[in-house]
Amino acid sequence: MKGLLIKDIRLMRSQGAVLLAMLILAALFLGVVSSDVEPFFVVAYITIFLSIFVASTISYDEYDNGYLFLMTLPITRKKYVNEKYIFGILISIFAWCVGMAAGTALMIAQGAKTGAGEWIGGNLMYICIAWVFMSIMMPLRLRFDSEKARYANIIMFALIAAVAYGITKISQYVPENLLRNVSAFFNTLGNNGILALCAGIAVAALLISYICSRHIMEKKEF
Amino acid sequence: MMLEINGLVKKYKDFALNCSMKVERGCITGLVGENGAGKSTSMKAVLGLISYDSGDIKLMGKSPAELREAEKEKIGVTLAESGFSGYLKVKDIVPVMAAMYPGFDRERFLNLCRRFNIPQDKYIKEFSTGMKAKLKVLVAVTHDADFLLLDEPTTGLDVTARESILDLFREYMEEDESRSILISSHISSDLEGLCDDIYIIHEGKIVLHEDMDKLLNEYGLIKADDGQYARLDKEHILSVRRTPFGYECLTDQKGYYRENYPDIVVENGSLDEAITMMTGGERL
């Protein structure tokens with residue numbers, strides 16, 4: 001496990017460093033040039049993009065039939081999946097910290113007045129979103145090779161967009177009192193409650209995704 | 001016994017592997033056959049990289065499904081078409097190896113890299129074929145493995161580099177008598193000078209298993225015209241091939257034919273002849 005983590009960190013260090021630098025620069029540039037860009041956006045942008053990049057370390061493993069050799073090293077299929085998720089969670093936390101640093105710098109530069117609680121709490125939500133994205137991409141990436149996974153990703157995101165659009169459309173036809181009840185429910189939860197709910201959803205997504213990935217990896221032929 | 005494969009069957013749409021073989025402790029066993037004969041498939045099955053339909057495989061007493069970290073630490077592998085990710089450099093591999101293999105000898109690995117001119121600060125994807133091949137071997141021999149499983153380890157190497165790599169395998173065996181190697185190669189001369197015994201695989205089946213010494217000393221190629229072939233005792237003929245001038249026959253007792261048929265040409269056997277005859281000739 002330690003060996004795999006070192007491998008992925010080394011891969012990420014060489015390949016991800018450029019991406020990270022670009023993300024930070026682009027985010028700050030957007031923030032300074034267009035004052036419309038919220039510091040929140042900067043955090044979300046960096047956290048989510050870098051977390052998505054985690055799944056692409058699977059492509060680096062796969063490059064030039066590399067999987068075959070990787071599986072002859074002293075690891076098991078189970079440990080490989082464990083490592084990918086642990087690495088993903090670590091990177092999302094790291095990306096979030098970098099995003100927070102960039103976002104906070106931008107916030108100070110813009111002179112925005114956001115309370116510390118709201119700033120941190122609001123941004124924690126993006127880790128949850130990053131985990132949900134990761135949960136979707138990881139099993140897809142393990143199941144399909146890089147070419148097919150690209151299509152699978154596009155289809156998946158199109159589906160999410162369609163479902164989200166569908167829900168907003170359907171919500172117009174949902175009885176008024178039901179909507180009121182739902183919104184009342186969220187109001188009673190408060191900010192912390194909503195954050196806890198999102199965290200719960202993200203963790204559940206990760207768990208389901210992990211179980212799927214384990215299953216996919218067990219069945220994989222190299 | 002280091003490795004024992006009994007009745008391994010793996011079926012694909014257009015290919016079926018049906019193979020039994022053994023690798024004894026202290027021995028270097030060779031596996032030869034043309035591309036697509038089943039060498040890599042057998043090795044993948046041994047390592048648990050693919051499932052198989054039936055048969056029994058025991059590697060250091062464990063089936064492929066039972067291989068855990070502890071067993072895999074004791075195996076060194078080179079695969080023909082796979083290695084560390086091309087997006088890594090040698091200096092990235094060193095800490096990975098050190099974390100994965102308790103027996104990894106960092107100093108020896110780095111010394112060998114220098115000896116074989118493997119750059120440390122260059123992406124593996126930018127390596128030449130020869131450099132990649134050398135790196136794979138160095139990775140396999142520097143972590144105190146008990147068993148090396150080498151699929152075409154000398155492919156892409158020039159003669160001098162090949163000899164140095166073969167010497168590394170000899171050194172590896174001399175360090176500990178209980179070690180073993182299973183090696184596949186297209187280059188017969190590599191195997192002739194290295195292996196204790198040899199398996200020839202053809203269309204998914206083992207067509208010959210023989211001690212290398214016996215193959216080189218007792219096998220022969222009989223060249224006979226139609227008349228000579230007709231009166232030839234076929235008892236010790238393994239395989240026959242029709243040629244424009246008559247027949248070529250592979251025998252495992254050239255002395256018998258030299259003694260009893262002084263008028264017939266019996267050439268010394270070689271691995272190349274054995275492969276050609278066992279895969280291209282008609283087996284008797």
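Per chain, numbering begins at 1; letters A, B, ... match sequence-line order.
We find the OH-CD distance between B/Y52 and A/E221 to be 12.0 Å, quoted to the nearest 0.5 Å. Atom-to-atom distance recorded for A/F69:CZ and B/D151:CG is 12.5 Å, nearest 0.5 angstrom. The distance from the CG atom of A/D61 to the CZ atom of B/F84 is 10.5 Å, given to the nearest 0.5 Å.
Counting all heavy atoms, side chain and backbone alike, B/K72 lies closest to A/I75 at NZ-O, 2.8 Å. The two residues A/L68 and B/S82 make their nearest non-hydrogen contact at CB-OG, 3.5 Å. Of all heavy-atom pairs spanning A/Y63 and B/K125, the tightest one is OH-CB, 3.6 Å. In terms of heavy-atom proximity, B/Y101 sits nearest to A/L73 at OH-CD2, 3.3 Å.
Under a 4.0 Å N-O distance rule, the pair B/E69/A/K79 qualifies as a salt bridge.
Panel note: side chain B/S85, backbone A/Y60; a donor-acceptor pair is recorded below 3.5 Å. Judged by distance alone, the side chain of A/T72 and the main-chain N or O of B/V77 form no donor-acceptor pair under 3.5 Å. The backbone N or O of B/R68 sits nowhere less than 3.5 Å from a side-chain atom of A/T76 that would complete a donor-acceptor pair.
Ranking B/G83, B/A70, B/G76, B/A99 against chain A, the residue ahead of the rest is B/G83, based on heavy-atom pairs under 4.5 Å. Options A/R77, A/K220, A/E62 differ in how many heavy-atom pairs under 4.5 Å they form with chain B, and the most are formed by A/R77. For the set B/G48, B/S51, B/A98, the entry with the most heavy-atom pairs within less than 4.5 Å of chain A is B/S51.
Residue-environment remark: NZ (B/K205) stays at or below the threshold of 12 foreign heavy atoms within 6.0 Å. Counting non-hydrogen atoms of other residues, nucleotides and ligands closer than 6.0 Å to CZ of A/R214 gives a total above 12. Counting heavy-atom neighbours within 6.0 Å of B/E34 CD, excluding the residue itself, gives a total above 12. B/K58 NZ: more than 12 foreign heavy atoms inside a 6.0 Å radius.
B/L88 is listed as a side-chain neighbour of A/K7, based on a closest heavy-atom distance under 4.5 Å. A 4.5 Å side-chain heavy-atom check between B/K74 and A/P74 finds every atom pair outside the cut-off. Between A/L4 and B/M100, the closest side-chain pair of non-hydrogen atoms falls below 4.5 Å. At a threshold of 4.5 Å between non-hydrogen side-chain atoms, the residues A/F222 and B/L79 do not count as touching.
Interface residue B/L47: only side-chain heavy atoms are found under 4.5 Å from chain A.
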